[in-house]
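Reading through the structure tokens given below for one structure.
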Number of protein chains: 2
Amino acid sequence: MSSAISAVERFSRYQSDDAQSEGSAHCPVRDVLDRIGDKWSILMIMTLATRPQRFSELHRAVRGISKRMLTQTLRDLERDGLITRHVFPTKPPSVEYGLSALGQSLLEPMAALIDWADHRYSDIHDARARFDSAPCDAARHETDVHRSAMNIATSRKAATRRARQ
Amino acid sequence: MSSAISAVERFSRYQSDDAQSEGSAHCPVRDVLDRIGDKWSILMIMTLATRPQRFSELHRAVRGISKRMLTQTLRDLERDGLITRHVFPTKPPSVEYGLSALGQSLLEPMAALIDWADHRYSDIHDARARFDSAPCDAARHETDVHRSAMNIATSRKAATRRARQ
DNA sequence: ACTTTATGGTCTACAATTTAGACTATGTCT
DNA sequence: AGACATAGTCTAAATTGTAGACCATAAAGT
């Protein structure tokens with residue numbers, strides 16, 4: 001736990017540095033997080049972790065991704081040195097993607113996250129159900145200011161769409 | 001390292017289960033990852049890790065987020081039981097957000113990721129520079145099929161915009 | 001011989017998400 | 001009175017992402 005605290009402190013130091021300089025001096029942590037926190041990157045890395053795969057294989061494996069995003073995600077990960085790209089001069093040329101050493105090294109911390117997701121999933125699931133079936137804004141609105149429908153609605157839209165597929 | 005391997009295996013099992021059932025039976029891991037992997041959630045949790053904060057404080061702390069996204073992210077995290085929301089009936093009512101126990105528990109695995117980002121940042125940075133100044137598609141194109149500008153361009157657009165702020 | 005299939009992408013049109021910023025209501029400070 | 005702060009919400013505009021047609025080539029199926 002002490003390590004968690006120190007990481008938080010380190011992060012918060014970066015954050016405030018960032019806030020002061022206003023410029024492009026940015027938190028390496030945020031920089032990296034922005035990259036791997038973009039919906040497809042983690043999925044991609046985890047998928048490539050089992051074995052190197054080709055473009056079309058990946059397209060089939062990571063369901064829901066468009067070719068465009070697949071291309072872009074792969075390109076970005078390659079740029080950051082997390083994955084490698086190998087072109088085989090077969091007749092319809094085939095391209096194999098795989099994790100680089102750097103990419104491999106990301107697996108360890110990623111595993112911690114996966115474990116957490118796996119262990120705590122039921123808690124999250126329960127919390128979600130509780131929230132959704134709540135007597136609603138009872139607690140939310142002591143002060144009844146202008147109430148309205150709000151089309152944010154806990155982005156259940158997105159959740160639904162995700163489930164629909 | 002063995003733990004990393006087992007996590008990868010667990011993930012890949014979920015993935016293939018998912019591929020078969022076609023339906024909405026989804027990988028808890030992906031479900032959770034989709035939530036915390038959405039650009040603002042991790043930032044939010046890390047920011048709240050230092051201390052509970054109010055809406056406007058968060059808006060100032062997490063630079064670049066719009067109020068709309070702030071509201072939505074907070075709502076989603078609350079729904080998932082990761083953060084708590086407390087309304088104080090002061091006259092312009094103030095609302096304080098903080099990490100729940102579940103949210104706290106996420107700090108540990110998150111710290112592993114932060115550490116990784118911190119240690120490997122220079123590697124990534126170097127890889128990026130190398131890639132950007134590369135003799136380009138030398139290795140990329142043995143087979144010179146239809147070449148074109150491609151407006152994906154490693155999404156340097158986004159990178160630039162991010163830096164510009 | 002002709003059609004289908006597969007390869008790795010790219011491109012376009014459209015759909016979804018996200019941002020910027022105006023606006024709300026009420027109370028304190030100047 | 002006017003400015004500022006509180007927590008959001010709403011709208012319009014910009015950005016991002018998806019679906020799917022398309023490219024050239026070759027092998028396999030019929």
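Below, read A as the first sequence line, B as the second, and so on, with proteins coming before strands; counting in each chain starts at 1. These values consider heavy atoms only, across backbone and side chains, with no hydrogens, waters or symmetry-generated copies.
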[X] [atom1] to [N] [atom2], straight-line distance once rounded to whole Å:
{"X": "B:Leu70", "N": "C:dA20", "atom1": "CG", "atom2": "C1'", "result": "14 Å"}
{"X": "B:Arg68", "N": "C:dA16", "atom1": "CZ", "atom2": "P", "result": "14 Å"}
{"X": "B:Gln72", "N": "D:dT9", "atom1": "CD", "atom2": "C1'", "result": "13 Å"}
{"X": "A:Asp34", "N": "D:dT16", "atom1": "CG", "atom2": "P", "result": "12 Å"}
{"X": "B:Phe88", "N": "C:dG27", "atom1": "CZ", "atom2": "P", "result": "20 Å"}
{"X": "B:Lys39", "N": "D:dT16", "atom1": "NZ", "atom2": "P", "result": "8 Å"}
{"X": "A:Asp38", "N": "C:dA16", "atom1": "CG", "atom2": "P", "result": "21 Å"}
{"X": "B:Met69", "N": "C:dG21", "atom1": "CE", "atom2": "C1'", "result": "16 Å"}

So, is [X] close to the [N] phosphate, meaning a side-chain N or O under 4.0 Å from OP1 or OP2?
{"X": "A:Arg60", "N": "C:dG8", "result": "no"}
{"X": "B:Arg75", "N": "D:dA7", "result": "no"}
{"X": "A:Arg85", "N": "C:dG9", "result": "yes"}

(message) Pick the closest DNA chain C nucleotide for B:Trp40 and for A:Val95 by heavy atoms, then say which residue is nearer the 5' end.
(response) A:Val95
Would you say that [X] contacts [Y] through its side chain, given a criterion of any heavy-atom pair below 4.5 Å between the two side chains?
{"X": "B:Pro28", "Y": "B:Tyr14", "value": "yes"}
{"X": "A:Lys39", "Y": "A:Thr73", "value": "no"}
{"X": "B:Arg54", "Y": "B:Val95", "value": "no"}

(message) Between A:Arg51 and A:Glu57, is the side chain to side chain contact (heavy atoms under 4.5 Å, CB included) condition met? List the steps.
(response) CA-CA 11 Å; A:Arg51 68 193 154 82; A:Glu57 286 181 284; 3.2 Å; yes
(request) Begin from the C-alpha positions of B:Val62 and B:Leu70 and carry the test side chain to side chain contact (heavy atoms under 4.5 Å, CB included) through to its verdict. (result) CA-CA 9 Å; B:Val62 182; B:Leu70 180 55; 5.8 Å; no
(request) When you get a sec, tell me which of C:dC11, C:dT7, C:dT19 is the closest nucleotide to the side chain of A:Ser94? (result) C:dT7
(request) Give, ordered by number, those residues of residues 45-57 of chain A having at least one heavy-atom distance below 4.0 Å to an atom of DNA chain C; if nothing qualifies, reply none. (result) A:Arg54, A:Phe55, A:Ser56
(message) Less than 4.0 angstrom from a charged side-chain N to a carboxylate O is my criterion; do A:Arg128 and A:Asp123 meet it?
(response) no
(message) Tell me which one of A:Leu43, A:Thr84, A:Leu99 satisfies side-chain contact (heavy atoms from CB on, under 4.5 Å) with A:Leu48.
(response) A:Leu99
(message) Let me spell it out: for each of A:Pro92 and A:Lys67, pick the nucleotide of DNA chain D with the closest heavy atom. Which residue's pick is nearer the 5' end?
(response) A:Lys67
